[in-house]
2 protein chains.
Amino acid sequence: MTDTESPRHEPKGERTRRRILDSATELFSRSGYRAVSLRDIAAHAGLTHSGVLHHFPNKESTLIHVLSRRDEIDAPLVLDPDLGPAELIDNLVRIVERNTRTPWLVSLYVNLSAEATDPAHPAHTYFYGRYRILREHLVPAFAALLEDRAGPSPELAARQFIALQDGLQVQWLLDPGAVDMRAAVVSFLRTLGITPPSAPSTDERHV
Amino acid sequence: MTDTESPRHEPKGERTRRRILDSATELFSRSGYRAVSLRDIAAHAGLTHSGVLHHFPNKESTLIHVLSRRDEIDAPLVLDPDLGPAELIDNLVRIVERNTRTPWLVSLYVNLSAEATDPAHPAHTYFYGRYRILREHLVPAFAALLEDRAGPSPELAARQFIALQDGLQVQWLLDPGAVDMRAAVVSFLRTLGITPPSAPSTDERHV
DNA sequence: GTCTATAGAGGGATAGAC
DNA sequence: GTCTATCCCTCTATAGAC
């Protein structure tokens with residue numbers, strides 16, 4: 001897995017650091033955080049566990065960097081304050097599409113969000129905040145898009161929308177061929193009276 | 001946590017066995033399977049890890065027994081072939097209600113279902129089969145209850161229904177006071193045109 | 001039925017050589 | 001910047017005493 005592009009004249013230290021985070025991402029994705037050892041990460045990145053600990057002070061630090069690196073990629077698609085309600089929903093559907101092409105990333109969040117429900121988990125506050133922020137962006141979007149029929153409130157719709165995505169990911173990981181996550185999410189939006197993009201966006205096909 | 005009732009003249013071996021499974025359930029619920037050790041389970045049950053291994057051949061065996069014990073309790077609410085479509089949905093909503101009173105049980109399934117997406121996990125086939133069976137019972141129920149408007153197919157509705165429940169559990173575990181799982185599930189059913197029980201059933205309140 | 005003792009593997013983290 | 005060596009801890013599982 002090459003998770004991030006490498007600059008042309010990248011210093012060796014930076015390069016190793018990136019390799020370590022790529023390996024940590026892949027292994028945490030497969031087995032969660034607690035089941036993966038520093039030695040596992042090191043072996044995958046082609047060095048010893050002491051080598052890893054030269055770049056990161058401890059195991060937890062690698063997790064934090066894995067998570068924040070992901071956020072740098074997704075944040076503009078969700079957190080941009082200039083995003084209109086329909087654009088935000090479009091972007092979230094687009095992320096579902098992309099997830100279908102990145103099972104390791106889906107597995108990372110499925111495994112970690114479950115582990116992190118434990119308040120003692122190092123990523124607990126990260127996930128607590130992640131859900132809060134996502135909700136804070138979804139609620140006004142749903143408030144704008146939902147016709148006020150007898151459906152759910154924007155707050156409830158936001159929770160349902162997020163829950164649906166999370167739950168679909170588990171079923172999709174268990175049997176990728178049997179689940180069309182995008183269709184399921186789009187169907188839910190349509191049931192709410194929101195018309196989402198009907199076909200996968202072509203400009204995202206080759207990412 | 002006393003998870004099962006104890007018969008009056010229960011032999012000591014059976015009693016210890018039950019205590020071990022109660023402890024395993026509670027600890028697996030809190031931290032998942034892989035993060036819990038036999039010594040953790042043993043200490044919680046008041047014996048040594050060798051004592052545990054007298055009653056169960058290995059760690060994995062405790063997990064299998066924890067899972068199958070839960071199924072003995074829930075199966076009649078879901079798998080009874082004499083159940084009508086509306087009754088099945090009612091029972092599933094009732095299970096959501098009960099889950100609100102048993103966070104450790106919710107945590108068990110959230111943690112294990114995430115871990116078990118890994119095909120190498122000892123509970124992988126268990127969860128694969130569990131989702132399949134649940135779907136096989138939900139699809140005909142939705143087929144009977146869904147008016148054939150432009151909504152999801154019974155197959156898709158079943159997946160969405162299960163996904164919604166799973167995803168809500170994560171958000172609920174992260175912030176129990178902020179999430180009303182029952183209301184969210186009932187709202188989803190109503191959006192599909194299905195009228196579920198409007199209030200928590202009184203005969204389940206004191207279980 | 002439960003214990004102690006032990007084997008054998010693997011974990012996170014540190015010290016210091018190169 | 002990466003290594004080896006080491007510390008000290010925890011793990012699953014087995015053997016055998018009581």
Side-chain angles (χ1 to χ4, degrees), chain A residues 6-7 9-28 30-67 111-112 115-116 118 120-124, chain B residues 6-7 9-28 30-67 111-112 115-116 118 120-124:
Chain A
S6 51
H9 293 303
E10 190 182 21
K12 186 179 179 193
E14 287 303 306
R15 208 180 116 66
T16 305
R17 214 182 134 86
R18 200 170 43 75
R19 238 174 46 231
I20 292 169
L21 289 182
D22 286 348
S23 297
T25 303
E26 183 169 342
L27 296 177
F28 291 159
R30 193 145 56 213
S31 314
Y33 171 71
R34 301 206 240 231
V36 169
S37 72
L38 282 173
R39 285 172 169 85
D40 292 335
I41 298 168
H44 192 277
L47 70 173
T48 64
H49 85 287
S50 302
V52 171
L53 289 172
H54 173 75
H55 294 275
F56 299 91
N58 52 40
K59 185 188 172 189
E60 184 177 330
S61 169
T62 64
L63 173 62
I64 303 304
H65 281 85
V66 163
L67 291 175
N111 274 285
L112 289 183
E115 277 189 351
D118 178 356
H121 194 280
H124 179 76
Chain B
S6 52
H9 293 304
E10 191 182 20
K12 187 181 178 193
E14 286 304 304
R15 209 181 116 65
T16 305
R17 215 182 134 86
R18 199 171 44 74
R19 240 175 45 233
I20 292 170
L21 288 182
D22 286 347
S23 297
T25 303
E26 183 169 343
L27 296 177
F28 290 160
R30 193 145 58 215
S31 313
Y33 171 70
R34 301 205 242 231
V36 169
S37 72
L38 284 172
R39 282 176 168 84
D40 293 335
I41 298 168
H44 192 276
L47 70 174
T48 65
H49 83 285
S50 302
V52 172
L53 289 171
H54 173 75
H55 294 275
F56 299 92
N58 51 41
K59 185 188 172 189
E60 185 177 330
S61 169
T62 65
L63 173 62
I64 303 304
H65 282 84
V66 163
L67 292 175
N111 275 282
L112 288 184
E115 278 188 350
D118 179 355
H121 193 281
H124 180 76

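What you see is a predicted model; the values in this text were computed from it and never measured. Chain naming here is simple, since letters A, B, ... match the order of the sequence lines and numbering starts at 1 in each.
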Send over the distance from [X] [atom1] to [N] [atom2], rounded to a whole Å.
{"X": "B:Asp40", "N": "D:dC9", "atom1": "CG", "atom2": "P", "result": "17 Å"}
{"X": "A:Asn58", "N": "C:dG11", "atom1": "CG", "atom2": "C1'", "result": "14 Å"}
{"X": "B:Arg34", "N": "C:dG11", "atom1": "CZ", "atom2": "P", "result": "13 Å"}
{"X": "A:Phe56", "N": "C:dA13", "atom1": "CZ", "atom2": "C1'", "result": "16 Å"}
{"X": "B:Leu38", "N": "C:dG10", "atom1": "CG", "atom2": "C1'", "result": "16 Å"}
{"X": "A:Leu53", "N": "C:dA15", "atom1": "CG", "atom2": "C1'", "result": "13 Å"}

Going by side chain to side chain donor-acceptor pair (under 3.5 Å), name the residues that satisfy it together with [X], two or more places apart in sequence or in a different chain.
{"X": "A:Ser50", "value": "none"}
{"X": "B:His121", "value": "B:Glu115"}
{"X": "A:Arg34", "value": "A:Asp118"}

Given [N], is OP1 or OP2 found less than 4.0 Å from the side-chain N or O atoms of [X]?
{"X": "A:His54", "N": "D:dT2", "result": "no"}
{"X": "B:Ser37", "N": "D:dT10", "result": "no"}
{"X": "A:Lys59", "N": "C:dG12", "result": "yes"}

Listed by chain and number, what are the salt bridge (Lys or Arg N to Asp or Glu O under 4.0 Å) partners of A:Arg17, not counting sequence neighbours?
none
Nucleotide N/O of nucleotides 3-6 of chain C paired with protein N/O under 3.5 Å:
residue: C:dC3; atom: OP2; partner: B:Thr48; partner atom: N; Å: 2.8
residue: C:dC3; atom: OP2; partner: B:Thr48; partner atom: OG1; Å: 3.0
residue: C:dT4; atom: O4; partner: B:Ser50; partner atom: OG; Å: 2.7
residue: C:dA5; atom: N6; partner: B:Ser50; partner atom: OG; Å: 3.4

Minimum heavy-atom distance between A:Thr62 and A:Ile41, given as atom pair plus value:
OG1-CD1, 4.4 Å
Ring pair (Phe, Tyr, Trp, His ring centres under 6.0 Å) filter on A:His65, not counting sequence neighbours, yields A:Phe56
5'-most by nearest nucleotide on DNA chain C - A:Ala35 or B:Gly13
B:Gly13
